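Computed from a prediction, not measured in an experiment: that's the story for all the values here.
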Amino acid sequence: MMNPSSRKYDVLVIGAGHAGCEAARACARLGLRTGLITMNIDLIAQMSCNPAIGGIAKGHLVREIDALGGVMGELTDEVGIQFRLLNTSRGPAVWSPRAQCDKKQYRVRMKELMEGEPNLRILQAEVASLLVENGEMRGVGLADGRSVSAASVVVTTGTFLNGLAHVGETKYQCGRNGEAPSNLLGHALRGLGLDWTRLKTGTPPRLDGRSIDWSVFEKQHGDVDPTPFSFMTDRIEREQVCCYVAYTNEMTHAVVRDSIGRSPLYSGQIEGIGPRYCPSIEDKIVKFPAKTPHHLFL
């Protein structure tokens, strides 16, 4: 028998990343009693590694989300610090907006928006199980023993679900680096007989800007007249930040090739399926051995 909390929701959304925030806000705006469950309320919509929105193909997706009433495009226009329209040397059908964002401000503003939705309640907890009775969803069980009733559950856990990080030859369980993974829910989903596979993403190193001699890099400015993501935005007024570009050379490639056996991509340590685009630097050097140089962006 369930021992549910006193509040029953129409929809529970697990995970408060990009997808979770959009799902929870959409349900709440439809008038549904919505709960958004996250393991850390202060890290709602926290952006990982490269704080970019959009890019090739993904920029179109953000535009579609915006057309459907989503928040990602509007928020990016508000806190973006460098906007570039990619692929402009080709036809308009493949032009792709991309923006680098202020990581802290994106998280802070999204949390404010979520807290301002009258039909949305944010819960800080770890989901341990999905409660199913007679083939119907009844809610979720939490790690602390409580349960929450709901007619529908949306799972948007991203990299936290059975998360595993590889740093050189070391690997350990986590969500984002320094945060706990969602292992209990991962085991529960497997227990329901669902098929699963592991995907991987690459994370660039964090460098202290004070330790870099920026004068030896090539400047890469954003667009003079930034293209907004949202159809609701007339113009980008925020001050823009410059990026910098460096290039690999044969010495760089030699170092990578000599150490390739230590890379988890090539040692057999990683079992997940990698991204089709945006390969890691060692992946570029192995797959495109005749190409010199490759770009490095800071």
Next item on the list: May I ask you to decide if Asp42's main-chain N or O and Arg107's side chain share a donor-acceptor pair within less than 3.5 Å?
Entry: yes

Notebook entry, point to check: For the residue pair Cys21 and Ala45, what are the closest heavy atoms and their distance?
Noted result: SG-CB, 4.3 Å

Next item on the list: Starting at CZ of Arg176, measure out to CG of Leu43 and round the result to the nearest 0.5 Å.
Entry: 5.5 Å

Margin query: Using 0.5 Å steps for rounding, measure from the CD atom of Gln269 to the OG atom of Ser263.
Written below: 9.0 Å

Notebook entry, point to check: Within the distance-only criterion (no hydrogens, no angle test), does the side chain of Thr252 pair as donor or acceptor with the backbone N or O of Asn249 below 3.5 angstrom?
Noted result: yes

Check: Is the backbone N or O of Gly15 less than 3.5 Å from a side-chain atom of Thr156, with the two atoms forming a donor-acceptor pair by type?
Finding: yes

Checklist line | Verify same cluster id: Leu75, Val13 (apolar side-chain graph, 4.5 Å) | finding: yes

Note to self: I'd like to know if the side chain of Glu74 and the backbone of Asp66 have a donor-acceptor N/O pair within less than 3.5 Å.
What the structure shows: no

Note to self: For a quick test of reading the model, state the closest non-hydrogen atom pair linking Phe229 to Asp77 and the distance between them.
What the structure shows: N-OD1, 2.8 Å

Item checked: Flag, side chain of Arg29 to backbone of Gly69, donor-acceptor distance under 3.5 Å -> yes

Notebook entry, point to check: Shared ILVMFWY cluster between Ile56 and Trp95, side chains joined below 4.5 angstrom?
Noted result: no

Notebook entry, point to check: Shared ILVMFWY cluster between Phe231 and Ile236, side chains joined below 4.5 angstrom?
Noted result: no

Next item on the list: With rounding to the nearest 0.5 Å, note down the distance linking CG in Leu36 to CD in Gln124.
Entry: 11.5 Å

Notebook entry, point to check: Is there a side-chain contact between Glu78 and Tyr106 (heavy atoms, below 4.5 Å)?
Noted result: no

Margin query: If I compare all heavy atoms of Val127 with all of Leu184, which pair ends up nearest, and what's the gap?
Written below: O-CB, 4.2 Å

Notebook entry, point to check: Given the rule in the side-chain contact (heavy atoms from CB on, under 4.5 Å) test, do Arg190 and Asn162 qualify, once you have shown the distances and angles that lead to the verdict?
Noted result: CA-CA 11 Å; Arg190 292 181 189 179; Asn162 286 69; 3.5 Å; yes

Check: Is the count of non-hydrogen atoms from other residues, nucleotides or ligands lying under 6.0 Å from Arg262 atom CZ greater than 12?
Finding: no

Next item on the list: Quick one: pull up CD1 in Ile44 and CD in Glu115 and give me the separation to the nearest 0.5 Å.
Entry: 6.5 Å

Notebook entry, point to check: If we only count heavy atoms from C-beta on, is the Gln100 to Pro51 side-chain gap below 4.5 Å?
Noted result: yes

Notebook entry, point to check: Quick one: CD on Gln46 to NZ on Lys111, what's the gap to the nearest 0.5 Å?
Noted result: 13.0 Å

Next item on the list: Can you measure from CZ (Arg98) to CD (Gln82) and round to the nearest 0.5 angstrom?
Entry: 6.5 Å

Margin query: Under 3.5 Å, is there a donor on one side chain and an acceptor on the other for Gln173 and Asn183?
Written below: yes

Next item on the list: Determine, using the 4.5 Å side-chain heavy-atom cutoff (strictly less than), whether Leu161 and Leu194 are members of one ILVMFWY cluster.
Entry: yes

Check: Does the side-chain contact (heavy atoms from CB on, under 4.5 Å) test come out yes or no for Arg25 and Leu120, once each step is laid out?
Finding: CA-CA 7 Å; Arg25 185 171 181 264; Leu120 177 61; 5.5 Å; no

Notebook entry, point to check: Do Ile53 and Met72 come within less than 4.5 Å of each other through their side chains, counting heavy atoms only?
Noted result: yes

Notebook entry, point to check: Is Ile41 reachable from Leu113 through a run of I, L, V, M, F, W or Y residues, each pair having side-chain heavy atoms under 4.5 Å apart?
Noted result: yes

Next item on the list: Kindly say whether Leu85 contributes a backbone atom to a donor-acceptor pair with the side chain of Asp223 at under 3.5 angstrom?
Entry: yes

Next item on the list: Show the numbers, then the answer: is there a side-chain contact (heavy atoms from CB on, under 4.5 Å) between Phe217 and Ile212?
Entry: CA-CA 10 Å; Phe217 289 84; Ile212 298 170; 3.6 Å; yes

Notebook entry, point to check: Does Trp214 reach the main-chain N or O of Lys219 with its side chain, forming a donor-acceptor pair under 3.5 Å?
Noted result: no

Check: Looking at side-chain heavy atoms only, is the closest gap between Met251 and Val255 below 4.5 Å?
Finding: no

Next item on the list: Kindly indicate whether the side chain of Asn119, heavy atoms from C-beta on, has any atom under 4.5 Å from the side chain of Leu32.
Entry: no

Notebook entry, point to check: Are there more than 12 heavy atoms of other residues, nucleotides or ligands under 6.0 Å from atom CZ of Phe288?
Noted result: no

Note to self: Looking at Asp144, I want to see if its CG is surrounded by more than 12 non-hydrogen atoms of other residues, nucleotides or ligands under 6.0 Å.
What the structure shows: yes

Notebook entry, point to check: What closest approach, in Å, do Gly80 and Arg238 show between heavy atoms, and which atom pair accounts for it?
Noted result: O-CD, 3.0 Å

Check: Is the His294 to Tyr247 ring centre distance short of 6.0 Å?
Finding: no

Notebook entry, point to check: So do the side chains of Val132 and Met137 get within less than 4.5 Å of each other, counting heavy atoms only?
Noted result: yes

Next item on the list: Specify the closest pair of heavy atoms between Gly73 and Ser230, including all atoms of both residues, with the distance to one decimal.
Entry: C-CB, 3.8 Å

Notebook entry, point to check: Would you say Ser96's side chain and Val94's backbone share a donor-acceptor pair under 3.5 angstrom?
Noted result: yes

Next item on the list: Return yes if some donor-acceptor pair links the side-chain N/O of Thr157 with the main-chain N/O of Val155 below 3.5 Å, else return no.
Entry: no

Check: Is the number of heavy atoms from other residues, nucleotides or ligands within 6.0 Å of CG (Asp213) greater than 12?
Finding: yes

Margin query: For a quick test of reading the model, state the closest non-hydrogen atom pair linking Leu12 to Val148 and the distance between them.
Written below: CD1-CG1, 3.8 Å

Margin query: In the structure I gave you, are the side-chain heavy atoms of Met39 and Glu179 within less than 4.5 Å of one another anywhere?
Written below: no

Next item on the list: Flag the pair Glu126 / Leu142 as yes when at least one side-chain heavy-atom distance between them is below 4.5 Å, and no otherwise.
Entry: no

Item checked: Polar side-chain atom of Asn134 near backbone of Glu136 as donor-acceptor pair, under 3.5 Å -> no

Notebook entry, point to check: Between Tyr9 and Leu123, does a side-chain contact (heavy atoms from CB on, under 4.5 Å) hold up when you go through it step by step?
Noted result: CA-CA 12 Å; Tyr9 295 92; Leu123 310 172; 3.8 Å; yes

Margin query: Looking only at the side chains, is there a donor atom on one of Thr292 and Glu250 sitting less than 3.5 Å from an acceptor on the other?
Written below: yes

